[in-house]
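Just passing along the structure, written as structure tokens.
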Amino acid sequence: QDLMFKPGEDARFNWQSYDDFAASHKLDGQTLTIFGPWRGDDQTLVEHMLAYFVAATGADVRYSSSENYEQQIVIDTEAGSPPDIAILPQPGLIADLARKGRLIPLGDGPRDFIENNYAAGASWVKLGTYEGPDASDAFYAFPYKADLKSLVWYSPDNFDEAGYEVPETMEDLKALTEQIVADGGTPWCIGLGSGGATGWPATDWVEDLMLREQPEDVYQQWTTNEIPFNDPRVVAAIEDFGWFAKNDDFVAGGVQAVGATDFRESPAGLFSSPPKCYLHHQASFIPTFFPQGVEAGLDFDFFYFPPYASKPELGKPVLGAGTFAMITRDTPAARAFIEWLETPIAHEVWMAQSGFLTPYKAANPEAYANDLLRAEGQILTEATTFGFDGSDLMPGAIGAGAFWTGMVDFVGGASAEDAATKIQNAWQAIK
Amino acid sequence: MSAVTLTEVSKSYGSVEVLRNINLDIEKGELVVFVGPSGCGKSTLLRMIAGLEKISGGTLEIGGARMNEVPPAQRGIAMVFQSYALYPHMTVRDNMAFGMKIAKRPKGEIDKAVENAARILQLTPYLDRLPKALSGGQRQRVAIGRAIVRDPKVFLFDEPLSNLDAALRVATRIEIAQLKDNMPESTMIYVTHDQVEAMTLASRIVVLHGGDIEQVGTPLELYERPANVFVARFIGSPAMNMFPARVTAAGPDGTTVEIEGGGAVAVPIPGRAEDVGSVVKLGVRPEDLTLTDGPALYSGEISIVEALGETTLLYFTPEGGADPIIAKLPGIHRLGRGQTARLSADPAKLHLFDAEEKSYLYR
Amino acid sequence: MSAVTLTEVSKSYGSVEVLRNINLDIEKGELVVFVGPSGCGKSTLLRMIAGLEKISGGTLEIGGARMNEVPPAQRGIAMVFQSYALYPHMTVRDNMAFGMKIAKRPKGEIDKAVENAARILQLTPYLDRLPKALSGGQRQRVAIGRAIVRDPKVFLFDEPLSNLDAALRVATRIEIAQLKDNMPESTMIYVTHDQVEAMTLASRIVVLHGGDIEQVGTPLELYERPANVFVARFIGSPAMNMFPARVTAAGPDGTTVEIEGGGAVAVPIPGRAEDVGSVVKLGVRPEDLTLTDGPALYSGEISIVEALGETTLLYFTPEGGADPIIAKLPGIHRLGRGQTARLSADPAKLHLFDAEEKSYLYR
Amino acid sequence: MEATPATKSPLTLVTHLTVLLLVALWTLPTAGLFISSLRDKDQLAVSGWWTALSSSSQSLQGRTGAAPDQKEENGVYVITGNLLGDTAGRVSAFGTTSREPEAYEAGAAADLGDGATLTVGEDGAYRLESPVPFESKRGQRVFVTAEQPPRFTLDNYREVLRSEGIGRSFVNSLTVAVPATIIPILIAAFAAYALAWMEFPGRALLIAAVVGLLVVPLQMSLIPLLRLYNGVAEVFGVPAKTYLGIWLAHTGFGMPLAIYLLRNYMAGLPREVLESARVDGASDFEIFTKIILPLSFPALASFAIFQFLWVWNDLLVAIVFLGAQDESLVLTGRLVNLLGSRGGNWEILTASAFITIVVPLLVFFTLQRYLVRGLLAGSVKGG
Amino acid sequence: MQQLFWALGTVVIGVVGCAGYFYVSNLVLDTLLPGRGPDPVRAGRNINRANLIRPWLFLAPAILALGIYLVYPVIESVWLSLHDRSGQNFVGLSNYVWMLNDPGFRESMFNNMLWLLVVPAAATGFGLAAAALTDRIWWGNIAKSLIFMPMAISFVGASVIWKFIYDYRAPGEPQIGILNALVTWFGGDPQAWLTIPFWNNFFLMVILVWIQTGFAMVILSAALRGIPEETVEAAVLDGANPIQIFFRIKMPQIWGTIAVVWTTITILVLKVFDIVLAMTNGQWRTQVLANLMFDWMFRGGGDFGRGAAIAVVIMVLVIPIMVWNIRRANAEMKGH
Ligand SMILES: Nc1ncnc2c1ncn2[C@@H]1O[C@H](COP(=O)(O)OP(=O)(O)OP(=O)(O)O)[C@@H](O)[C@H]1O
Ligand SMILES: Nc1ncnc2c1ncn2[C@@H]1O[C@H](COP(=O)(O)OP(=O)(O)OP(=O)(O)O)[C@@H](O)[C@H]1O
Ligand SMILES: [Mg+2]
Ligand SMILES: [Mg+2]
């Protein structure tokens, strides 16, 4: 495959790191199989990055993905035919694999690297550390590529027309919401539909609100069930989400539409005329699903999902997610690949395309393909707290099951208390 | 009024024409028997009357109304299929009752009709069996029972007795005759291979051959005055013997012929002057031949003797590989193979056919 | 050597016993005909010999070897099924050739055998048709052709001619007889309902009734010396007339009986002293009855007249609803319904049966 | 055989209507999918597919040119262009705010304040005039309500068909599907014959087992089987994921249904015909190949259709036993990979659904003629 | 091109290899125990012996395939169901105990029963109607193909189709789901169909019925065509109208096949999970056993023990169907 940017030609890239890596790693004739979550356009993006690894080392890299990649990786590792490298976005799943002994510890080198070179390095290390089969913790998962979730998308034109300002605090946001209703508009587009994963967008809401109402350690305790799911603090966050979502005037289409609308379709309301809504809470990937032809910065923009002014002690928390690379088969090529991920160039090449954020401080922000990405990157690096997507941290049965269902129930009419208790019971059952 | 009228009816399967311009008028109350060699189209004709087979050409009328397009059920007929066509999933009882149940007749009536038919056909012990647990003959009887129970205007029977034993066949035949007698209004069309059945049951017999009607007439007409060689040989068993001959004299009182390689015979059938010298066939039924010591119509060496008890059949093989000459003598004769026998016949029983195989009687 | 030997063979379907202790010895080269009422077990017996039906009890030997467990293909038999059993997806030609193809015979030989069989059975024009485009009779002929082509040691025919017309039936019957003559080694077992077929073809006839063998013998034996009333009435058509009678005198030279409601007759069949006074049946075949003006064996009012041409049948209905008395007179008689007729018979042709319906001849 | 010529009755009409209704109900969803596959993504999400067939009134947004595009004409600054772009349509109304998108009729001049005016013609051409130069780098947003004729595009298909490696995946799919259809049929047909017509102890038990195994969930089997494969592969030193492996897997998974359907059909064949062949000296093998197989065509064809379908549309088994690598990826896998990681791209989905459907439908059409009537006609008489 | 040849080669080898097994093994048997020969008794004995072996020869590949691909996993499942989530520690029946107390399981069980009642009946019924009716009209084959089409659509396609049908937009907005479009056209309020508890089960069932009708139709159509024409003719003469012929003559004769189709679809229903997974993933109370099992097996790392326990329950549910089928097969054999 051709290299996208000619080595040595563009000053945004750290070619030095590429050359150094190429000089020290020779993997001719070796094969590296990588199994990841990226398909479709994303697969092209990651393959552009991998091309540099191939060019540098001479290894034969085979990347594959699958619609049911979560299932696939379980099957492959269980059956004893894993890839060399697995890249997964769910810490819960990674924890399971680690406990079953399907992962190889990465060792201290990578851990220290993360600790020192990533923004909020300590929290990233925590996210990469899991309990192994022998019940002792080790660093298994190398974070690569982050997503930002604490974003609210809007149309600057619509704001201008109506004379709205970007809110700086949660109080302002709520006031804005009411203001829009008062002006005869509908403030929010919320869609929880996602086929088999229906409900997950609501979990992001709850987590974001959780981070804005409770200190980080409470958030952590929540994701590990050290405090029960139906703890009043959690219930309060859910109810706060309900403030936005369970009000027929606040959401486009009414509450009934929340559960039934696909998350991919719901932002379209921002761009209709007259606008069906003015605000949309969603992660950084969402512009992929915006109508064709809308332009970042011109037709849409985002602002940081603001914290409560009443709780200054919580700072500027950020909810995010990310993917982690793991060695599932210990080969020199796999080790080399982890080392490759430590080079800035491995990040910059993707940053220069789209949809990629990194907390790696050595990666040049100039490499971001556009201002939007750069701004997101900035939020990520400026965050005082980085909360990893809680549902991904919870065990699969909760984070990718009961929590989703509970949120759907909640939006469908159940009380926050009931929904939370149900989730807690489910959690109890898998202990 | 005619019960069934066929006008110029024909039938083709693709390019194969199996029936040609059939004209036939069946009166109400008649029992008409179709006979003819295997494959001559009897079943096809019956199926056309029933409405199971499209009529390629011509008109079919039942009770005076055109029926070509009327669905089978509306034609007021019942049919016994050559291949039985029993409902495999129903017991004998249900098979027979089906038509009446469909017609929503009261249960008591159905039961009575079924029991009655079963009694006639000796099926009572089998009423609750499925067809697959019946013998061939039993299945055929069920098929007949089905038709009897329905009590239609026109009965169509396609070889209904072919799988029955002689005793049962006679019994069933008589039952059918009585059925007919009891229902003088109902019309029956009957296909059979059995001479006796045809002769005893028929009010008229229709002889089919290769898709054409050869002759229509009462049994005795066909037996005594066959229209042509085909009918002559087809009716009567064994078939009529045919002697090639030449006309030597002809007049209104009779015709004299000279049998090839045999003597001259005077036949009391009128002839025409122009016949003299023409080649004809002289027909004699085996049963009309008798042993004689006097002048013989035919003499030859016996090639096979079949003793049937009641009668004895003598077979002679004429030279040139023609059909064997057969004589049927009453009683038991102790004659052996290889002996020579001399045969003569009553001149009144002789038949004459012209070169086109047409009978002199019908010219 | 016996070709086929049945020893105490029996067959049950579940609790229904359809054949009981059948003992039969068929010699090589024989043509044995099974007759019997519908459902008496003929087909079943044939299928057991063929190996298609398990033998519930007893032993079957073919060519001296026990065959109970030998599969059909190894028994050296060919069978014509009552229901044809043609291969629906094969042309007539392939249907007939199948057995030989399986036996891997050279193509030329197969072709010759098939063409030959087709010629005999008049199937040549249909060789390339599928069974569904054939008439009933044609299908049956294909089934026969299949057996002929295979040239087996033992032929099993289950009513092979029931769907053929009289002419073809005679022809095919003669073909089968000739087939038999040409293969004196081959044995044939033949089920039929047709008296004529049975009488003409059989070297021996086996009369089955309700699962038992009633009598085994040559056709003439069965006709002239039936062992019991069943055989007497079953063989011959119409059936033998039975007159209830009482023995008035008996001796080695003959027996005198008095017919119920009629006169006394001296029958030249030996009797025993103890018979005097016992109730018997006097049997007379319809064809042995003649019209008489002298002393009559029976006289009554004619209820039905059937003129068959060659013969005339007179039916009398005796009082008390017994079987009708039938007389079969040669030739054509112009007698009408309701007339009274007086019948007599040659004493030598009379049969006597005791109270158990056994013939006096076999006591 | 057209058996009953005379059955033309009102019922025939009812039959036609009922079938029409059934067909309509059954095709409607698919028709929707098909039409959707010919539309572009944005329309897909805003209007029903049935509206695609007629011209529709749509609300569109556009943006005028910005400062760099302006020209000076007679002292006024002018920006011109067309809001509808290349697409055909007729503008009926327009507006400059999202709250009042239909404020002005086509052709009217909208007052933008500061003396600036905007005129939008029926053809979508706009003219922006101002006595003072434009400064904003952002163009003016314009909302138009336009009557648009139906618009279809083959882009979705083009995109799917042009995607890299699709030809190879197609061949892979065929390589998987053809043997994975034929092998199980062969094996199952023999087994079905044995279960229908051969006598041996344990037959009833086996039939029961087959029924029971119909229910085994596929997902249950994957891990143990793959483990087995890996074990075998290790012993023989061959790769675990091979075509042979996936054929066998499909054979195994398809086996119970195949045996079940075929046995049921074969048991219904007329007994006498088989007996006749047996008397003719045919061995079981010959009876099977020469009599049973030809007579079972309808059943074989029906099962072939289903097995092919299942294999062709399968993704899970293919990925597990053949792998998700580029060179062995099957068509379904390739198409699914075209969809982004988050499963949007419905337009791709719809198009690829129709591309994959072609082969199974071809198979259905070819095999349908084996589902014939009267195969057994003329074989036996009696009921 | 080269790949094409390679593929063709593999295909041929695969198929020929399979056919070869039967041919060769049969040949070997025939050579070892010759069934033809001068001595019929000996040959007969050989044949009888061969007949003891031959069924197993015919069955061997099938039994092998069934054994490896289905029986072995079943045993594994049972074994796994007695273990914990990692599949390593024996836990006895605790997974089953958990199951009985799990509201999710009870809900799935209830929903599954609904599915079992509705889907096989509806699919078989529609299939039968389609098979019977299309046989009577000249455009029947076209109609059949169209009704069959849903079967041919890949599963992903099918789920998209139905999403478009059930799509919900708020009242007042243009509906892009045809169902809601119809409802609003008739003046009703649009509904989020998939979120209406209890009834949403039926909306999901519709999808499976839509797909499976083609299956039922094809199989039943083959069976209908096997009915002896003459019995139908006889019924026509008996005065039965087409409806009576269908219900009283044709249906009883294909009863066996109807049972087979019913059984097959019933079993499919027990296994179905993709529809539920894609449409709702069991939310809004639409969970079914198979999806529940799938959830436990693979989602978020997986709990093999519980997944397997649910699978075992699914298999147990089939036992009545099995028994019924054995009965039918036995009755059928007795008839022979
Ligand atoms: N499967 C079965 N179950 C029970 N009884 C049966 C079965 N098959 C045949 N029978 C009975 O066995 C008896 C003998 O049948 P078989 O077919 O041998 O009669 P057959 O002498 O050939 O009669 P036909 O001349 O009518 O063909 C019949 O009464 C029949 O009803
Ligand atoms: N579907 C068909 N296609 C072509 N020819 C056919 C078809 N059906 C029947 N025939 C031919 O039509 C002719 C008449 O058949 P039909 O069944 O009427 O004969 P039949 O007189 O009843 O004979 P049989 O006495 O043998 O039953 C036969 O020669 C037969 O081969
Ligand atoms: Mg006929
Ligand atoms: Mg019989």
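Chain identifiers are assigned alphabetically (A, B, ...) following the order of the sequence lines, protein sequences preceding nucleic acid strands; residue numbering begins at 1 within each chain.
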*In terms of heavy-atom pairs under 4.5 Å with chain E, which of Ala194(D), Ala180(D), Ala189(D) leads?*
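Highest number of pairs under 4.5 Å: Ala194(D).
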*Can you name the closest pair of heavy atoms from Leu25(D) and Trp210(E) and give their distance?*
O-NE1, 4.2 Å
*Do you know the tightest heavy-atom contact between Ile165(E) and Pro29(D)?*
CD1-CB, 3.5 Å
*Compare every heavy atom of Ala208(D) with every heavy atom of Met322(E), then report the nearest pair and how far apart it is.*
CG-O, 3.5 Å
_Residue among Ile178(E), Leu270(E), Val15(E) with most heavy-atom pairs under 4.5 Å to chain D_ =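 Winner by heavy-atom pair count: Ile178(E).
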*Would you indicate whether the side-chain heavy atoms of Phe364(D) and Val218(E) approach each other to under 4.5 Å?*
yes
*Can you tell which part of Ser221(E) gets under 4.5 Å to a heavy atom of chain D, answering side chain, backbone, both or neither?*
neither
*Contacting moiety of Leu268(E), where chain D heavy atoms sit under 4.5 Å*: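 Neither part.
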*If you tally heavy-atom pairs under 4.5 Å against chain D, which of Ile68(E), Val74(E), Asn141(E) wins?*
Asn141(E)
*If you count heavy-atom pairs under 4.5 Å with chain E, which of Asp314(D), Leu174(D), Leu225(D), Leu22(D) comes out on top?*
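The answer is Leu225(D).
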*asked:* Quick check on Phe303(D) against chain E: is it the side chain, the backbone, both or neither that has a heavy atom closer than 4.5 Å?
replied: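 Interface part for Phe303(D): neither.
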*Compare all side-chain heavy atoms of Trp138(E) with those of His16(D) and state whether any distance is below 4.5 angstrom.*
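Yes, side chains in contact.
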*Out of curiosity, Ile35(D) CD1 to Phe164(E) CZ, how far, rounded to the nearest 0.5 Å?*
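These two atoms lie 12.0 Å from each other.
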_Side chain / backbone / both / neither for Pro184(D) at chain E, heavy atoms under 4.5 Å_ = neither
_Could you go through Phe288(D) and Phe22(E), starting from their C-alpha distance and side-chain angles, then the distance that decides it, and tell me whether this counts as side-chain contact (heavy atoms from CB on, under 4.5 Å)?_
CA-CA 11 Å; Phe288(D) 177 76; Phe22(E) 286 107; over 6 Å; no
_Nearest 0.5 Å, please: how far is CD1 in Ile254(E) from CG in Asn264(D)?_
10.5 Å
*asked:* Applying side chain to side chain contact (heavy atoms under 4.5 Å, CB included), can you list everything that pairs with Val23(D), at least two apart in sequence or on another chain?
replied: Val19(D), Thr27(D), Trp139(E), Ala143(E), Leu146(E), Ile147(E)
*asked:* Quick one, Leu248(D) and Tyr69(E) - any side-chain contact, counting heavy atoms below 4.5 Å?
replied: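 Side chain of Leu248(D) against side chain of Tyr69(E), heavy atoms only: contact under 4.5 Å found.
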*asked:* At a 4.5 Å cut-off on heavy atoms, which part of Ala259(E) comes close to chain D: side chain, backbone, both, or neither?
replied: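 Just its backbone gets close to chain D.
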*Counting only heavy atoms closer than 4.5 Å, note whether Ile187(D) contacts chain E via side chain, backbone, both or neither.*
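Both parts, backbone and side chain.
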_Using heavy-atom distances under 4.5 Å, tell me whether Phe170(D) contacts chain E through its side chain, its backbone, both, or neither._
neither
_So, using ring-ring contact (aromatic ring centres under 6.0 Å, His included) as the criterion, who are the partners of Tyr260(D) when residues are at least two apart?_
none
_Nearest 0.5 Å, please: how far is CH2 in Trp247(D) from CD1 in Ile13(E)?_
7.5 Å
*Do the ring planes of Phe148(E) and Phe306(D) sit parallel (below 30°), tilted (30 to 60°) or perpendicular (above 60°)?*
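Ring orientation, 0 to 90° scale: tilted.
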*Look at Thr289(D), Leu261(D), Thr18(D) and state which one has the largest set of heavy-atom pairs under 4.5 Å with chain E.*
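So the answer, after comparing Thr289(D), Leu261(D), Thr18(D), is Leu261(D).
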*Is there a side-chain contact (heavy atoms from CB on, under 4.5 Å) between Asp30(E) and Phe285(D) once you walk through the steps?*
CA-CA 10 Å; Asp30(E) 280 347; Phe285(D) 188 73; 5.6 Å; no
*Closest heavy-atom contact between Met255(D) and Ala62(E)?*
SD-CB, 3.8 Å
_Close side-chain approach of Leu59(E) and Leu195(D), heavy atoms under 4.5 Å_ = yes
_Out of Ser221(D), Ser36(D), Ala192(D), return the one with the most heavy atom pairs under 4.5 angstrom to chain E._
Ser221(D)
_Which atom of Ser302(D) lies closest to which atom of Ile219(E), heavy atoms considered_ =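 Smallest interatomic distance, heavy atoms only, reads CB-CD1, 4.0 Å.
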*Can any side-chain N or O of Asn313(D) pair as donor or acceptor with the backbone N or O of Ala152(E) at less than 3.5 Å?*
yes
_As an exercise, state the distance from CD1 of Ile153(E) to CD1 of Ile357(D), rounded to the nearest 0.5 Å._
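Output value for this atom pair is 4.0 Å.
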*For Ile183(D), is it the side chain, the backbone, both, or neither that has a heavy atom closer than 4.5 Å to a heavy atom of chain E?*
both
_Residue Val260(E) versus chain D: region with a heavy atom under 4.5 Å_ = both
_Heavy-atom pairs under 4.5 Å with chain D: which of Trp162(E), Tyr21(E), Phe126(E) has the most?_
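Looking at each option in turn, the highest pair count goes to Phe126(E).
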*So which of Val176(D), Leu206(D), Val178(D) has the largest heavy-atom pair count under 4.5 angstrom toward chain E?*
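Ranked by contacts with chain E, first place is Leu206(D).
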_Among the listed options Thr213(E), Thr134(E), Leu52(E), Ile142(E), the residue most often paired with chain D at heavy-atom distances under 4.5 Å_ =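 Of the options given, most contacts go to Thr213(E).
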*What residue, out of Val261(E), Ile137(E), Leu57(E), has the most heavy-atom pairs lying under 4.5 Å from chain D?*
Ile137(E)
*Run the side-chain contact (heavy atoms from CB on, under 4.5 Å) check on Asp284(D) and Asn26(E) step by step: do they pass?*
CA-CA 10 Å; Asp284(D) 274 309; Asn26(E) 198 67; over 6 Å; no
*Check whether any side-chain heavy atom of Tyr72(E) lies under 4.5 Å from a side-chain heavy atom of Pro224(D), and answer yes or no.*
yes
*Side chain / backbone / both / neither for Phe365(D) at chain E, heavy atoms under 4.5 Å*: side chain
*When only pairs under 4.5 Å are counted, which of Ala191(D), Ala209(D), Pro360(D) shares the most heavy-atom pairs with chain E?*
Ala191(D)
*asked:* As a quick check of understanding, evaluate side-chain contact (heavy atoms from CB on, under 4.5 Å) for Leu66(E) and Ile259(D), giving each step before the final call.
replied: CA-CA 11 Å; Leu66(E) 290 174; Ile259(D) 297 180; 4.1 Å; yes
*asked:* Do Ile321(E) and Leu214(D) make a side-chain contact, defined as non-hydrogen atoms from C-beta onward lying under 4.5 Å apart?
replied: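 Answer no - side chains too far apart.
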*Checking Ala308(E) against chain D: side chain, backbone, both or neither under 4.5 Å from a heavy atom?*
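Both the backbone and the side chain of Ala308(E) come within 4.5 Å of chain D.
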*Side chain, backbone, both or neither: which part of Val210(D) has a non-hydrogen atom closer than 4.5 Å to chain E?*
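The answer is the side chain of Val210(D).
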*Can you measure from CE (Met149(E)) to OG1 (Thr30(D)) and round to the nearest 0.5 angstrom?*
5.0 Å
*Options Pro228(E), Gly177(E), Gly307(E), ranked by heavy-atom pairs under 4.5 Å with chain D, top entry*: Gly177(E)
*In terms of heavy-atom proximity below 4.5 Å to chain E, should Leu205(D) be classed as side chain, backbone, both, or neither?*
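Nothing of Leu205(D), per the 4.5 Å heavy-atom cut-off to chain E.
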_Looking at every heavy atom in both Leu70(E) and Pro256(D), which two are closest together, and how far apart are they?_
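In terms of heavy atoms, the two residues are closest at CD1-CG, 3.3 Å.
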